[in-house]
Amino acid sequence: MNARLNVFTSPVAAKAWKHIIAAANALGDSTLPTATRELVMLRASQINGCAGCIDMHTKDAAAAGETAVRLHLVAAWREATVFTDAERAALDLAEQATRIADAAGGVSDEVWANAAKHYDEDQLAALVTQIAVINAFNRLNVTVQQPAGSYEPGHH
């Protein structure tokens with residue numbers, strides 16, 4: 001896949017992305033479980049059609065010990081029985097926050113309350129920030145990558 005634009009050669013864009021990358025890295029220090037972070041990033045990337053991020057987060061999750069069965073079922077998490085109630089709440093929050101333009105009102109009170117049952121305030125902050133950051137990465141990749149042609153994994 002060829003990029004339409006190299007954001008790292010633009011001084012303004014490179015400076016902004018340096019901070020977004022730093023934000024993503026900082027989330028690794030949170031108490032939000034790594035598995036939850038990876039599942040959320042994978043689901044948002046699936047929704048946004050970001051092949052590079054899907055590839056990356058599938059591999060990162062597998063390297064962190066995630067099973068192939070669970071990775072294959074992320075797209076159908078509502079029907080799958082392999083996710084904990086906490087993971088399901090995080091995936092639901094990720095879906096609503098990713099599809100914020102598709103539903104009037106954004107994230108519902110019900111989805112938020114369910115997530116708040118499973119995560120403390122710091123974990124919720126990390127979860128919401130993780131969702132925002134992966135959506136930013138997805139939007140960058142989907143916008144600047146040429147849609148036609150071959151897919152080249154690992155570009156994030």
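FYI, side chains are in, hydrogens and waters are out, and symmetry mates aren't considered; it's all heavy atoms of this structure.
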Same cluster or not: [X] versus [Y], using hydrophobic residues (I, L, V, M, F, W, Y) connected whenever any side-chain heavy atoms lie under 4.5 Å apart?
X: Val69; Y: Ile54; value: yes
X: Leu93; Y: Leu91; value: no
X: Val133; Y: Leu124; value: no
X: Val128; Y: Ile20; value: no
X: Phe137; Y: Met41; value: yes

request  = State which residue, out of Thr98, Ile100, Ile47, fulfils the side chain to side chain contact (heavy atoms under 4.5 Å, CB included) condition with Asn135.
outcome  = Thr98

key: Short N-O contact, Asp92 and Arg78, less than 4.0 angstrom   = yes

Between [X] (side chain) and [Y] (backbone), is there a donor-acceptor pair under 3.5 Å?
X: Tyr119; Y: Ala86; answer: yes
X: Asn48; Y: Cys50; answer: no
X: Arg88; Y: Phe83; answer: no
X: Gln96; Y: Ser108; answer: yes

Can you check whether [X] reaches [Y] side chain to side chain, under 4.5 Å on heavy atoms?
X: Asn114; Y: Lys117; value: yes
X: Val144; Y: Leu140; value: yes
X: His57; Y: Asp60; value: yes
X: Leu32; Y: Leu27; value: no
X: Glu87; Y: Arg70; value: yes
X: Arg37; Y: Ser30; value: yes

Closest non-hydrogen atom pair between [X] and [Y], with its separation:
X: Ala64; Y: Thr34; answer: CB-CG2, 4.2 Å
X: Val142; Y: Gly49; answer: CG2-O, 3.9 Å
X: Ala89; Y: Ala115; answer: CB-CA, 3.9 Å
X: Glu38; Y: Ala61; answer: CB-CB, 3.7 Å

query = Which is it for Asp120 and Gln123 under the side-chain contact (heavy atoms from CB on, under 4.5 Å) test, yes or no, and what are the steps along the way?
reply = CA-CA 5 Å; Asp120 64 29; Gln123 291 172 322; 3.3 Å; yes

message = Is it true that, when you exclude Asn25 itself, more than 12 heavy atoms of the residues, nucleotides or ligands shown sit nearer than 6.0 Å to its CG?
response = yes

query = Is there a donor in the side chain of Glu95 and an acceptor in the side chain of Trp77, or the other way round, less than 3.5 Å apart?
reply = yes

ask   = Atom CG in Leu71, atom CG in Leu39: separation rounded to 0.5 Å?
value = 7.0 Å

